[in-house]
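The figures here come from the full heavy-atom set of this structure, side chains too, leaving out hydrogens, waters and symmetry mates. Note that the numbering runs from 1 along the sequence shown for the chain.
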Amino acid sequence: MPKIDTSDGLGNVFTSIDFVNHAINTAKLAFHLYTGQDAPDWDITMVQLHGDYKVVEQTRPMNEMVAFHIYTVKMIEALSKLDEGQFKESLADMKGCRVFGEALTTMNVIRGQKDILIDLISKLTDSVGKLGLPIEKAIPIQMGSIQKIEYQTNILNFDAWLEEIPWIFFNTFRNYRKSLFKDKAERIKDYLKNHLQDNLRLKDISEALGISEQNLNVIFKKKFGATIKQFSIQLKVEAAKGLLTTTRLKIKDIADYLSFADESYFVQTFSKLTGLTPAKFRHTHIQEKLTETKNAQL
């Protein structure tokens with residue numbers, strides 16, 4: 001029986017799988033050399049040296065863990081093909097495995113559940129990255145999911161978590177693949193809308209969308225009749241209108257939030273496009289609302 005000293009923690013739950021697979025093959029070879037007979041297909045019992053060398057046996061057979069790993073691989077293969085049917089089937093198979101035993105959880109079921117989920121997230125992040133999902137889309141899912149898991153005092157429904165997390169990756173990757181077939185000008189437009197707070201350069205957009213920097217404005221202006229910079233400024237001004245009428249943010253804070261060079265440039269740009277300064281626009285909106293309220297009361 002392989003013995004694993006977990007004084008430093010198991011860390012990655014699946015690291016034990018490769019070890020056990022090699023251990024099985026080595027043990028079978030040793031059995032054959034010693035007895036001259038084929039080795040039997042016995043289950044491997046994983047034994048942990050815990051704390052003061054108290055032996056803690058795993059209460060579940062190791063083949064459950066191996067099966068979980070196999071179904072995980074099948075699930076990731078289905079994700080790569082965006083095969084929703086196979087993806088659902090693999091997830092169901094994964095949930096059918098019972099991978100918890102004292103040795104795997106290091107005497108802590110909650111930590112064991114978290115480790116399995118975090119390991120799965122890492123595998124999914126690595127896989128969608130290799131499939132072409134931009135890192136700026138994959139990493140936030142990874143970090144957000146891990147934080148969500150670590151904040152839980154108790155994993156009340158492990159199967160629900162096991163299903164939810166892969167679907168987040170599946171849907172994100174599917175939406176990304178769909179976006180690749182959208183009109184390039186529309187993709188640029190969507191990117192601008194999603195990055196209103198950023199001070200975008202053509203280089204940034206080119207790298208994010210995989211469109212030549214030299215062709216960006218040509219493609220965009222042909223459809224929308226404006227350069228990317230002009231359109232971006234229009235979007236920022238529209239966003240500023242919303243902030244001016246729905247918040248009490250200072251003019252300077254709105255300028256900073258929307259990445260204008262400074263407050264003066266923001267006021268100048270806003271006035272040019274609306275005919276009013278930001279302060280006047282806010283004041284006019286307040287007066288209109290007061291008038292509407294008075295009329296409603298009459």
Side-chain angles (χ1 to χ4, degrees), residues 12-14 71-88 90-91 94 114-152 160-217 219-220 223-224 228-229 231-236 238-239 242 256-259:
N12 184 334
V13 176
F14 290 111
Y71 293 136
T72 300
V73 171
K74 289 184 177 180
M75 180 267 291
I76 291 174
E77 288 176 354
L79 185 154
S80 69
K81 301 172 184 175
L82 290 176
D83 184 338
E84 188 168 333
Q86 184 60 51
F87 188 80
K88 287 180 179 178
S90 298
L91 274 178
M94 288 169 66
K114 289 183 176 182
D115 286 345
I116 289 173
L117 292 172
I118 290 171
D119 181 83
L120 181 61
I121 290 167
S122 298
K123 282 180 166 58
L124 287 165
T125 303
D126 182 59
S127 297
V128 294
K130 290 177 180 177
L131 291 169
L133 186 70
I135 192 170
E136 61 268 20
K137 292 182 179 293
I139 294 301
I141 300 175
Q142 180 187 37
M143 300 308 297
S145 300
I146 290 175
Q147 288 177 359
K148 187 176 178 182
I149 289 166
E150 291 292 10
Y151 287 154
Q152 304 303 309
W161 286 83
L162 190 60
E163 180 153 358
E164 177 190 3
I165 290 169
W167 274 114
I168 294 172
F169 282 89
F170 186 93
N171 290 326
T172 300
F173 181 59
R174 179 166 55 186
N175 291 337
Y176 171 71
R177 289 294 295 271
K178 285 181 179 179
S179 74
L180 296 179
F181 297 100
K182 288 178 68 175
D183 177 271
K184 289 182 178 180
E186 289 291 342
R187 289 172 57 202
I188 297 170
K189 178 182 176 182
D190 289 345
Y191 191 81
L192 295 176
K193 285 183 175 181
N194 292 328
H195 292 80
L196 285 176
Q197 296 171 244
D198 300 330
N199 184 18
L200 290 174
R201 302 171 300 169
L202 290 181
K203 181 181 178 182
D204 300 325
I205 303 171
S206 172
E207 291 177 352
L209 301 182
I211 301 173
S212 157
E213 189 174 339
Q214 290 74 20
N215 292 332
L216 283 173
N217 271 315
I219 293 169
F220 193 81
K223 180 160 187 174
F224 295 108
I228 289 173
K229 183 176 181 180
F231 193 84
S232 178
I233 288 175
Q234 290 172 9
L235 290 175
K236 287 176 183 286
E238 287 302 312
D256 290 340
Y257 179 76
L258 294 171
S259 294

Spell out, as yes or no, whether a donor-acceptor pair under 3.5 Å connects the side chain of Asp119 to the backbone of Asp115. no
Steps toward side chain to side chain contact (heavy atoms under 4.5 Å, CB included) verdict (Asp204, Asp198): CA-CA 10 Å; Asp204 300 325; Asp198 300 330; over 6 Å; no
Could you tell me whether Ile135 atom CD1 has more than 12 heavy atoms of other residues or ligands within 6.0 Å of it? no
Beyond-backbone contact of Lys236 with Ser259, side-chain heavy atoms, under 4.5 angstrom: yes
Could you tell me if the side chain of Ile228 sits less than 4.5 Å from the side chain of Leu200, heavy atoms only? no
For Trp161, does the six-membered ring have the charged nitrogen or CZ of Lys148 within the cation-pi criterion, i.e. under 6.0 angstrom from the centroid and within 45° of the normal? yes
Does anything in residues 122-143 form a ring-ring contact (aromatic ring centres under 6.0 Å, His included)? List the pairs, not counting sequence neighbours. none
Tightest non-hydrogen contact, residues Leu91 and Trp167, listed as CD1-NE1, 3.5 Å
Rounded distance (nearest 0.5 Å) linking atom CE of Met75 with atom CG of Asp83: 13.0 Å
Separation between CD1 (Ile211) and CG (Asn215), nearest 0.5 Å, reads 8.5 Å
Note: Glu213 and Ser206 closest approach over all heavy atoms is N-OG, 3.4 Å
Checking Ile188 against Leu209 for the side chain to side chain contact (heavy atoms under 4.5 Å, CB included) test, could you report, in this order, the C-alpha distance in whole Å, the side-chain angles of both residues, the deciding distance, and whether it holds? CA-CA 8 Å; Ile188 297 170; Leu209 301 182; 3.9 Å; yes
Check whether any side-chain heavy atom of Leu196 sits under 4.5 Å from a side-chain heavy atom of Tyr257, and report yes or no. no
Does Arg187 come within less than 4.0 Å of Asp183, counting only side-chain N to carboxylate O? no
For the atom pair OG (Ser127) and CZ (Phe173), what is the distance rounded to the nearest 0.5 Å? 10.0 Å
Under 4.5 Å between any side-chain heavy atoms of Pro166 and Leu120, yes or no? yes
Between Phe220 and Phe231, what is the ring plane arrangement, given parallel below 30°, perpendicular above 60°, and tilted in between? perpendicular
Using the side chain to side chain donor-acceptor pair (under 3.5 Å) criterion, which residues pair with Asn171? Sequence neighbours excluded. Arg174
Answer yes when Lys81 and Glu77 have at least one side-chain N-carboxylate O distance shorter than 4.0 Å, and no when they do not. no
In short, Ser212 meets Gln214 closest at the heavy-atom pair OG-OE1, 2.9 Å
Output all residues satisfying side chain to side chain contact (heavy atoms under 4.5 Å, CB included) with Asp256, sequence neighbours left out; order by chain, then residue number. Lys252
Quick one: does Ile165's side chain get under 4.5 Å of Phe169's, heavy atoms only? yes
Set of side chain to side chain donor-acceptor pair (under 3.5 Å) partners for Glu207, sequence neighbours left out: none
Does Lys229, at its NZ atom, have more than 12 non-hydrogen atoms belonging to other residues, nucleotides or ligands within less than 6.0 Å? no
Is there side-chain contact between Glu186 and Phe224, with heavy atoms separated by less than 4.5 Å? yes
Could you measure the distance from the CD1 atom of Ile205 to the CG atom of Leu192? Nearest 0.5 Å is fine. 5.0 Å
Heavy-atom closest pair (Ser90 atom, Tyr71 atom, distance to 0.1 Å) is CB-O, 3.8 Å
So do the side chains of Leu79 and Leu124 get within less than 4.5 Å of each other, counting heavy atoms only? yes
How far does CD of Glu150 sit from OG of Ser145, to the nearest 0.5 angstrom? 12.0 Å
Does a side-chain heavy-atom distance below 4.5 Å link Met143 with Ile139? yes
Set of side chain to side chain donor-acceptor pair (under 3.5 Å) partners for Gln234, sequence neighbours left out: none
Value rounded to 0.5 Å, distance of CG in Leu235 from CG in Leu258: 10.5 Å
Taking 4.0 angstrom as the limit, do Lys193 and Asp190 come out as a salt bridge? no
What pairs with Lys130 under side chain to side chain donor-acceptor pair (under 3.5 Å), at least two apart in sequence or on another chain? Asp126
Judged by atom type as modelled, is there a donor-acceptor pair below 3.5 Å linking the side chain of Thr125 to the main-chain atoms of Gln142? no
